[in-house]
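These numbers come from the heavy atoms of this one structure, side chains and all, not from hydrogens, waters or symmetry mates. Convention: sequence-line order gives letters A, B, ...; per-chain numbering from 1.
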Number of protein chains: 2
Amino acid sequence: MLSYFRKNIPVGIDDCVGNESEKEVLMMRMYEEHEYCKKPKEPSRLYRIGMFAGMNHVTVKTLRHYDEQGLLKPAYVDEESGYRYYQVSQIADLHQILALKNVGFNLEEIKEIQMGKMDRTQLIRKKQEILGELSRLTDKLAQLESYLAGESLNLSAPVLVKSLPEVTVASMQTVVKSYDALFDAMPKMGEEMERLGCVCAQPEYCFTHYLEPGYKEEQVRIETCEAVTERKEDSELIQFKVFPEVKEAACIFHKGSYNDFSKSYAVVLKYIEENGYEICGNIRESYIDGVWNKESEKEWLSEIQIPVCKIGRQ
Amino acid sequence: MLSYFRKNIPVGIDDCVGNESEKEVLMMRMYEEHEYCKKPKEPSRLYRIGMFAGMNHVTVKTLRHYDEQGLLKPAYVDEESGYRYYQVSQIADLHQILALKNVGFNLEEIKEIQMGKMDRTQLIRKKQEILGELSRLTDKLAQLESYLAGESLNLSAPVLVKSLPEVTVASMQTVVKSYDALFDAMPKMGEEMERLGCVCAQPEYCFTHYLEPGYKEEQVRIETCEAVTERKEDSELIQFKVFPEVKEAACIFHKGSYNDFSKSYAVVLKYIEENGYEICGNIRESYIDGVWNKESEKEWLSEIQIPVCKIGRQ
DNA sequence: CTTGACTCTCCCCTAAGGGGAGACGGTAGC
DNA sequence: GCTACCGTCTCCCCTTAGGGGAGAGTCAAG
């Protein structure tokens, strides 16, 4: 505590300077000689920005930015050179800013805190924010893990959880002997829809709705649906119905022949399990490209949509 | 699957168009009539950007951005109007982009993945990234909790963990009867340093180093240190030494009389405990503003620095 | 032909600074 | 007093993943 001797150095310029006399006092202090220090002209209690930055492990740019934002004004700014001079006691203020930034507050919020507009509720709100971010991040991690577990297989056909909007459809229930017979009834349905004056919705959305959960080898009860712009009169073959919105559905695109559907099912079901979801609705298979517009089976495209919800979150 | 009938629609334009014949084919398909749909001029397999965006729960801006970045080029762009047209099969590509984004990849990385520059190591690196972010976030949470626990007390004098750089000091060991006698030996030390030709380091750093851990009421062995530019010859009173860098030190600023030091100690020690640190070095008290330059005790400023390390991380 | 809904490009904006250019300021050595 | 060198100033552009809007052109329906 050698500076102990310097009792008679003029003091009291804690507030930011504004007039000439204050400036003079500050400059006097800057050039005051230490009792024994051999660098008499080095400012002793006022530091230029580079030194102040170095003392506090921050960059010059950062200090200038805080000055601009009004978070930490230098104790004194030379009018002609524009040089910023900082006091040692401002370390504490900077310290506070850095600590608040560490907790996740942004500069705007920190400024409000400085102005005293800070209460418990804001701290709690920030805590909620962090918790939310934390859960989002753990979700990401789980998905990444599932990618890592499944090799690159599911990188080209990834699972995405999205919502399915409400949709009005023309539907036709059938029981097909096997999955192969799935498309047999379709021509009839097309004719019937044309007869009833149906207009297809845009974008087109044509899918098979599996009416029973689980996998059965035969006697599969399904519903063939096509989105339409409005309900028409029900006929013997066709009923109109509205599917309510599905908040979350795990979806995967399947490219290629329908014989390989099981692979895509494996991927999406694994995803559901590994990411803490459970199936909470009947599965839809949406047909996008197929024999009607693609010559090669390899170009066929479908989407499997499985309504899910997070376990425990009902 | 009503579009089943449309077997004879020209196909095979999966690649992005470039020449005139391809364009014509595409436009043909756009204006193709459905068998039964009543909006014959509505494009059937090509969608404009708004529709394509709506189908996929993304914004138009996003699609345009992906186009610019080369992540998802529209299947066809009208040369005169500049309109972007998307194919249904591109939903799968968009799907992949969104899924990768969900896992935390940025657009640049996604582009690399699309180009096949993707291997397991990158997935693992991304996982490490997420884990790091996760631990940073839990740290934030812990600090926030400690703020919440301590009311607003420590918001004005927050604890910050930072590094202390290597420093060369002149030191003088003494045993003081009580903390009150701490400053008694200082004038002597100042004179001696002057005699030895010491030059104070800039910025000034003058502190008491407590040589024994724990708190003792009397017979405190301390070391008074002042940073200097270079070593000089040791004298009977003064030795020169180099403090190595301290990687992590929990620091707190203390404003006001030294009688209240215990309060600041309480705050910082609580912080250390609550944030999973432990003390791993001797405590320093750095004196910044004091009786030598401030009239009012309220303006005195000191900093308590406690070397710490994360428990378990050595 | 008009209207309204869509789309285009172009420009500026975000948070917290980073990087650099060109011009001064301050100090040290000669 | 001159020069070299470092520190600092302001000003400008850049980062991500798009958002907002202006002004102009397009598309389909009445």
Seminar exercise, completed: The reported gap from CG in A:Leu160 to CD1 in A:Ile252 (rounded to nearest 0.5 angstrom) is 10.5 Å
Seminar exercise, completed: Value for NE2 (A:His95) from SG (B:Cys251), rounded to nearest 0.5 Å, stands at 5.5 Å
Value in whole Å for how far the [atom2] atom of [N] lies from [atom1] of [X]:
{"X": "A:Glu108", "N": "C:dA15", "atom1": "CD", "atom2": "P", "answer": "8 Å"}
{"X": "A:Leu46", "N": "D:dT8", "atom1": "CG", "atom2": "C1'", "answer": "16 Å"}
{"X": "A:Ile49", "N": "C:dC24", "atom1": "CD1", "atom2": "P", "answer": "20 Å"}
{"X": "B:Lys61", "N": "D:dT16", "atom1": "NZ", "atom2": "C1'", "answer": "15 Å"}
{"X": "B:Arg64", "N": "C:dC10", "atom1": "CZ", "atom2": "P", "answer": "12 Å"}
{"X": "A:Tyr85", "N": "C:dG26", "atom1": "OH", "atom2": "C1'", "answer": "9 Å"}
{"X": "B:Glu109", "N": "D:dT15", "atom1": "CD", "atom2": "C1'", "answer": "15 Å"}
{"X": "A:Tyr47", "N": "D:dG7", "atom1": "OH", "atom2": "P", "answer": "17 Å"}

Check whether any side-chain nitrogen or oxygen of [X] sits under 4.0 Å from OP1 or OP2 of [N], and answer yes or no.
{"X": "B:Tyr66", "N": "D:dG18", "result": "yes"}
{"X": "A:Thr59", "N": "C:dG18", "result": "yes"}
{"X": "B:Arg48", "N": "D:dC27", "result": "no"}

Exercise. So, the side chain of A:Lys232 versus the backbone of A:Met193: is there a donor-acceptor pair under 3.5 Å, distance only?
Worked result: no
Problem set entry | Minimum-distance nucleotide (side-chain atoms of A:Lys101 versus C:dG17, D:dG18, C:dG25) | C:dG17
For this session: Return yes if the base of C:dG26 and the side-chain atoms of A:Tyr83 contain a donor-acceptor N/O pair under 3.5 Å, otherwise no.
Result: no
For this session: State, with a plain yes or no, whether a side-chain heavy atom of A:Arg84 is found less than 4.5 Å away from one of A:Leu63.
Result: no
